[in-house]
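Quick notes on the structure that follows.
These values consider heavy atoms only, across backbone and side chains, with no hydrogens, waters or symmetry-generated copies. As the structure is a prediction and not an experimental result, all values here were calculated from the model.
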Amino acid sequence: MSKQSGFPNHNPHSKDCKRKANCKMYYCTFRHPPGRKARCKFGDSCKKLSSGQCHFLHPPKSGPPPPYTQHPVEHLGKDQPTTAHNRPPHQKRYEARHKVDASGGDDSSPDTLMKAMEIGMKRSPSSKSAKVNASMKHNILCSIASDPNLAEEFFDYDSAGEVTLTKEMIHKVTDTAGLNVNSAVKYISLAQNVSLCFVVDTTGSMDEHICAVREQIVAIIEQVQAAGCKFAGIAFVGYKDWSDGEDHCEVLPFPQKSGRTDIVGFKTFVSVCCSGNGVALSRALSALCICCSSSTNCGKSICNHHDTPHLTCDQNIKAGGGGDFPEDVLGGLAKAVGLTWNVDGSTRIIFHICDAPPHGTRFYTGYDDFPDGHPKDPTLEQLFGDMRKKEIMYYFGKINSKCDKMIEVFSGIKGDTVQTFDTADVTNLTASVTASVMESVSTVSDSIATRNGRKLPQRKFTLSRAQPNWRCVKVQEGSLLTYDLKTMSVESIVRMEPLKTSLVKTSIQIARQPFDKGSVRLAYWGRRLFKTVSDASGCVDFLSDVPVEASRTFVKESKIVLKEYLNESAVPSLDSSRYLVDMETQTVAAKLALDFNNRLGRTTEASEIKLKFLVAKVLKVSVGETSSETERYRHMAVERQFNEGAHMVKYTNNYNFVRHTDDPTVAKHRDLAVAYSHFTYDFTNGYLIVVDVQGVEGVDGGGKDILLLTDPAIHCARHHRFGVTNLRQAGIDGFFKTHKCNKFCSALGLTTPK
């Protein structure tokens, strides 16, 4: 064993390791300089420590940090000493990280760990810093459970038992989170570049909707841009049926230069769909350069002004055609998927409008020229597989019920629900398309914000949207944990003081398969079951829709939704930390919503609609013993179900997106939501801001209107907390970059930071 480095030289090599003292490879056979800082992830429990076979450093349990050991560095000459002015970068980082306990403090003491977190967050340690507690611990372990690289460095996959935080662990987690934030901000901004392709049935019955696309495209673009997004390009695919000839699809591709949206060219191309007079349109087209709007065709196949292909009469679409009722839907979708989608259009959308299904009895049971589908139809597996590869999001504009079976089949192949919008009334088109863009940008942003390098394995599932037969669902016994927001204060939030908890036993049923899938979670139907004693007469109405073994046991049910992370935990024993951090985030947001309602209620702009967050709970149920004879638990977030038919609206995301709408009711709710976010920053003196505000309209127990919210994100620049969606100062800056104070902000006297 090397006396200088404290770790054995296993089969030493004659060459120096390129990583030098920063090498973290267990079985590296190259020579290393003194002072190798890579610590063993197993700590004092390392089984190889006693035999001298561990190749990593095992520092003492307490006492001051070891002095920095100088070794040759590349940017200095071999004989040149290291001074205070020319220290290498890794030495400076080492000294900065150990500054908090240079006086000889314990590396794992509560004060040291909290100050280490604040230094890791690039903040000066506060004189009022709270000591390490369960909240801080869960937030650190949540990050490790969500990151395979961190998990490998500090834990075994089957690690169990009490976990002790170390200063090195906190520094590593905060540093990694900082890199993830920079990456997330970059890609969230990129996600606001939208590529939109309209796929439209252009047979005779669709004239009205084709004209609506042409007439409302400007309004769609304006509303999307008002929300802080921009179009990387707009395309159009029109299709008819095989009875109209082999070449029955007409395509306007995306512009060759991203970011150039040729509205004139788009409207001219689509105009033919509304015209029954092809001759008149041919004359108009021959006298118009579609790309540069010149009165005379410039004669170029590609206009240098916009780089958009010129259109000829043969290339444009004329409404008509149609033989049997089904149309070549799959051919039209294949044309759209096969387009050259813009590379920098991170959010890619197909908005499909039609009134007839594809060929084949699986979609339509009436008369069909091709009951087995057309021989040239692409398979649905191939079609939606290509959509997944290109990360294209598919939405459907519903006109009638003739396509319901098609959407059901599409959803099954796609793997999640195809979202539909009501476009039977053409005046709804702008709102529907804009909503699909807003939904897509939010989904892509949420997905990007939770990415952190290597992917975790996903759970296997099959979506089942219907409520299960509860007689066939096992009743399980578990425990529900909640945080008490009544005892919270702004001071306790800022000081990161521990939250008071409440734990109750419960009987519960959980559907075997999820009914929906989000960007990071799966959602399951569920029920809480309650027992009670009989009244004086002994008459009790027991629930009948329960398993036989639970009959005459439960008298009351409460419908709930259970949410489970789509990705498994990198360390199973740390899985609960992810749910506890989410619950803390929603509880803090709920507390600040109460303060917002109280403050706003005392102003001249008092709103009759109150903001309220769903009460978040964490369920813990046993899933039996593993091969290691260690009992494993399943953790899930629990919320009550929204009322049937409730429509979730996302008002903001966790960066700078704000929903734009012409609906006065939705606009008022949005103004309340953004004012609430601004209030949380002002009320906590800049400590945090609650964003990603989304929810449904509802009524509370007193019959008053409320905006029922869920799944917020919180940005905090001082402490590492509130999960992977915390974008720190970058998230705070992103909100205020696009925020415009409204009447609620003014009534509360809120100020905008410089």
Looking at residues at least two apart in the chain, or sitting in another chain, which of them share a side-chain hydrogen bond (donor to acceptor under 3.5 Å, both in side chains) with [X]?
| X | answer |
| --- | --- |
| E564 | Y524, R634 |
| R670 | none |
| R465 | T417 |
| D733 | Q729 |

If you look at every heavy atom in [X] and [Y], which pair is closest and at what distance?
| X | Y | value |
| --- | --- | --- |
| Y579 | A637 | CD2-N, 3.6 Å |
| L522 | L566 | CD2-CD1, 3.7 Å |
| H209 | I353 | CD2-CG2, 4.3 Å |

Taking atom [atom1] of [X] and atom [atom2] of [Y], what is their separation to the nearest 0.5 Å?
| X | Y | atom1 | atom2 | value |
| --- | --- | --- | --- | --- |
| S432 | K398 | OG | NZ | 12.5 Å |
| N654 | I689 | CG | CD1 | 11.5 Å |
| L611 | Y676 | CG | OH | 7.5 Å |

Once you measure the plane-to-plane angle for [X] and [Y], does it fall in the parallel (<30°), tilted (30-60°) or perpendicular (>60°) bin?
| X | Y | value |
| --- | --- | --- |
| F736 | H739 | perpendicular |
| F421 | F351 | tilted |
| F363 | F410 | perpendicular |
| W341 | F254 | tilted |
| W525 | F515 | parallel |

Would you say the side-chain atoms of [X] pair up with the backbone N or O of [Y], donor to acceptor, closer than 3.5 Å?
| X | Y | result |
| --- | --- | --- |
| S436 | Y395 | no |
| D244 | D241 | yes |
| Q586 | D711 | yes |
| K563 | M636 | no |
| N742 | D671 | yes |
| S677 | V690 | yes |

Could you check, using the six-membered ring where one of them is a Trp, whether Y364 and F325 have ring centers closer than 6.0 angstrom? yes
Is it true that, when you exclude [X] itself, more than 12 heavy atoms of the residues, nucleotides or ligands shown sit nearer than 6.0 Å to its [atom1]?
| X | atom1 | result |
| --- | --- | --- |
| K612 | NZ | no |
| E408 | CD | no |
| K559 | NZ | no |
| K414 | NZ | yes |

Pair Q694-N653, side-chain donor/acceptor within less than 3.5 Å: no
Mind checking what makes salt bridge (charged side-chain N to carboxylate O under 4.0 Å, His left out) contact with D328, not counting sequence neighbours? none
Applying salt bridge (charged side-chain N to carboxylate O under 4.0 Å, His left out), can you list everything that pairs with R527, at least two apart in sequence or on another chain?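 Only D545, E557 meet the salt bridge (charged side-chain N to carboxylate O under 4.0 Å, His left out) criterion with R527.
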Which residues share a side-chain contact (heavy atoms from CB on, under 4.5 Å) with [X], sequence neighbours left out:
| X | value |
| --- | --- |
| V181 | V185, L727, R728, A730 |
| D368 | D324, P326, H359, F370 |
| T420 | F396, I407 |
| A673 | Y651, V693 |

Salt bridge or not for R521 and D516, using N-O below 4.0 Å? no
Inspect the contact between D201 and K240 and indicate whether a charged nitrogen and a carboxylate oxygen are less than 4.0 angstrom apart.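 Salt bridge flag = no for D201 with K240.
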Do any pairs count as a side-chain hydrogen bond (donor to acceptor under 3.5 Å, both in side chains) and have a residue in residues 371-382, sequence neighbours left out, and if so which ones? E246-K376
Please list, one pair per line, the donor and acceptor atoms closer than 3.5 Å that link side chains of residues 215-224 to other protein atoms, with sequence neighbours excluded.
{"residue": "Q216", "atom": "OE1", "partner": "T430", "partner atom": "N", "Å": "2.9"}
{"residue": "Q216", "atom": "OE1", "partner": "T430", "partner atom": "OG1", "Å": "2.5"}
{"residue": "Q216", "atom": "NE2", "partner": "V426", "partner atom": "O", "Å": "2.9"}
{"residue": "Q223", "atom": "NE2", "partner": "D662", "partner atom": "OD2", "Å": "2.5"}

Criterion side-chain contact (heavy atoms from CB on, under 4.5 Å) against F236, the qualifying member of V200, V199, V251: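 Answer after filtering V200, V199, V251: V200.
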Residue pair T203, Y239: steps toward the side chain to side chain donor-acceptor pair (under 3.5 Å) verdict: CA-CA 8 Å; T203 53; Y239 64 88; over 6 Å; no
